Amino acid sequence: MTIQWFPGHMAKARREVTEKLKLVDIIFELVDARIPYSSRNPMIDEIIQHKPRLVLLNKADMADKDETKKWLRFFADEGVSALAINAQAGEGLREIVQASNQLLSEKFARLKAKGVKPRAIRAMIIGIPNVGKSTLINRLAKKNIAKTGNTPGVTKAQAWIKVGKELELLDTPGILWPKFEDQEVGLKLAVTGAIKDTILNLQDLAVFSLRFLEKAYPERLKERYGLEAIPEDLVVLFDHIGKLRGCLMGGGTIDYDKVAELVVREIRGEKFGSLTFESPEYFQSDETADH
Ligand code: G4P
């Protein structure tokens with residue numbers, strides 16, 4: 001799904017999320033484990049304010065495991081609860097319920113002390129498009145049965161999904177926009193497939209990707225394209241890949257668009273293994289967050 005975000009859409013999305021916030025005890029903020037910073041909505045803190053939140057690093061199967069560990073430590077250091085999950089395979093789902101229970105134990109103990117009857121935790125999923133929200137909802141729903149219909153006294157038309165006895169999930173996620181004003185963020189969103197019909201130039205995307213691989217995973221780049229050393233000049237690298245893979249135009253000249261497409265397709269198809277495109281060291285404080 002590609003969404004064009006205009007100011008009107010953003011205001012509407014924000015309004016919808018703010019409305020739903022009132023119905024839940026906790027937010028599950030879904031991000032892409034390969035780009036945990038770039039796949040967050042830029043206004044998320046302001047929008048959800050003090051509502052308890054659990055950050056879910058989804059698609060962890062596609063991310064570099066060591067980097068995911070670093071990100072989990074980073075969130076822990078920031079005092080934010082976070083888990084790595086794979087919504088597609090249903091990995092990490094039990095931990096979501098456990099972590100929610102932990103985060104809300106004090107609130108629920110207070111309610112109990114006041115004589116309020118115990119009830120399930122109410123949660124909603126929030127995230128930018130393509131981060132895996134529907135996949136996670138379906139997984140949680142399938143795992144643990146039926147929709148409950150409307151919960152009396154809560155709302156008019158919101159359906160809740162029961163996840164075991166302890167959790168109820170809003171059946172529609174909150175969809176928010178990505179940080180698209182930053183060129184590098186846009187490139188990362190495109191290379192991970194969060195932005196599909198990319199408005200970015202494919203060659204720019206391939207150049208960004210190759211430079212990234214050269215810096216972060218040079219051995220994998222060398223191995224994949226049979227290189228002894230990575231040429232400094234990217235045109236030489238494009239030529240090499242083009243010849244190797246037969247990305248040629250009539251007369252045998254290299255078709256750079258084809259090379260670019262191939263490189264991006266191979267990255268998305270995990271031909272370079274599991275990749276993480278940004279490290280937490282980069283984002284230690286807000287002052288450096290935009291770099
Ligand atoms: P959304 O509701 O947030 O927009 O995202 P959605 O669930 O539609 O997921 C977007 C794509 O990401 C889907 O691929 C989905 O299968 C995939 N996905 C979701 N969670 C995971 C995960 O944990 N691991 C992996 N590897 N993939 C995941 P799709 O429908 O096939 O779309 P496409 O991008 O392949 O075309």
Side-chain angles (χ1 to χ4, degrees), residues 1-5 9-10 12-14 16-17 20 24 27-42 44 47-48 53-65 67-69 71-72 82-97 99 123-143 147 158-159 161 163 169-180 185-200 202 205 209 261 264-277:
M1 177 175 41
T2 304
I3 297 181
Q4 293 285 340
W5 292 99
H9 295 144
M10 286 153 71
K12 183 160 178 270
R14 182 177 179 158
E16 282 176 5
V17 167
K20 288 184 194 162
V24 299
I27 300 297
F28 297 154
E29 185 195 349
L30 213 54
V31 300
D32 188 318
R34 296 167 295 172
I35 46 169
Y37 167 78
S38 297
S39 58
R40 296 184 93 179
N41 168 271
I44 191 77
I47 294 172
I48 73 171
R53 128 182 40 184
L54 180 59
V55 173
L56 300 174
L57 302 166
N58 190 37
K59 308 194 187 186
D61 54 306
M62 299 180 90
D64 182 323
K65 307 273 171 296
E67 291 293 325
T68 300
K69 274 189 208 144
W71 275 106
L72 289 173
L83 292 173
I85 66 163
N86 171 355
Q88 203 172 50
E91 284 163 19
L93 306 196
R94 199 167 305 149
E95 287 81 356
I96 296 177
V97 180
M124 76 179 282
I125 292 172
I126 289 186
I128 66 168
N130 283 316
V131 78
K133 298 178 297 299
S134 319
T135 307
L136 180 60
I137 291 175
N138 288 337
R139 262 284 164 185
L140 287 169
K142 236 178 271 157
K143 262 213 131 118
K147 293 185 177 181
Q158 295 291 347
I161 292 161
V163 184
L169 188 66
L170 267 188
D171 76 338
T172 48
I175 305 169
L176 292 173
W177 60 96
K179 302 178 179 88
F180 40 51
V185 168
L187 289 161
K188 288 176 187 169
L189 290 166
V191 78
T192 54
I195 303 174
K196 286 201 181 141
D197 307 316
T198 176
I199 41 163
L200 295 161
L202 204 56
L205 191 54
S209 304
E261 199 197 322
V264 173
R265 197 175 57 236
E266 293 199 344
I267 290 178
R268 287 186 181 155
E270 294 180 88
K271 297 286 189 271
F272 294 88
S274 308
L275 301 173
T276 295
F277 295 87

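For the numbers below, each heavy atom of this structure counts, side chains included, while hydrogens, waters and symmetry mates do not. Quantities reported herein were computed from a predicted structural model and do not represent experimental measurements. Both ligands and their constituent atoms are indexed starting at 1 by order of listing.
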Closest candidate by heavy atom, reference atom 2 (O) of ligand 1, pool Ser134, Pro173, Gly90: Ser134
Test of proximity, Val131 against ligand 1: N or O pairs below 3.5 Å: yes
Gap between atom NZ of Lys59 and atom OG1 of Thr276 - 0.5 Å precision: 13.0 Å
Nearest-0.5 Å distance that lies between atom CD1 in Ile125 and atom OG1 in Thr172: 10.0 Å
The one among Asp61, Ile128, Thr192 that brings a heavy atom closest to atom 24 (N) of ligand 1: Asp61
Separation of Asn86 CG from Glu91 CD (nearest 0.5 Å): 4.5 Å
Option whose closest heavy atom lies nearest to atom 7 (O) of ligand 1, chosen from Thr135, Asn138, Ile175, Ile125: Thr135
Contacting atoms of ligand 1, where contact means under 4.0 angstrom from a heavy atom of Met62: 26 (N)
Atom indices of ligand 1 within 4.0 angstrom of Ala87 heavy atoms, with elements: 20 (N), 22 (C), 23 (O)
Six-ring centre of Phe28, Lys133 cation under 6.0 angstrom, axis tolerance 45°: no
More than 12 heavy atoms of other groups within 6.0 Å of Lys65 NZ: yes
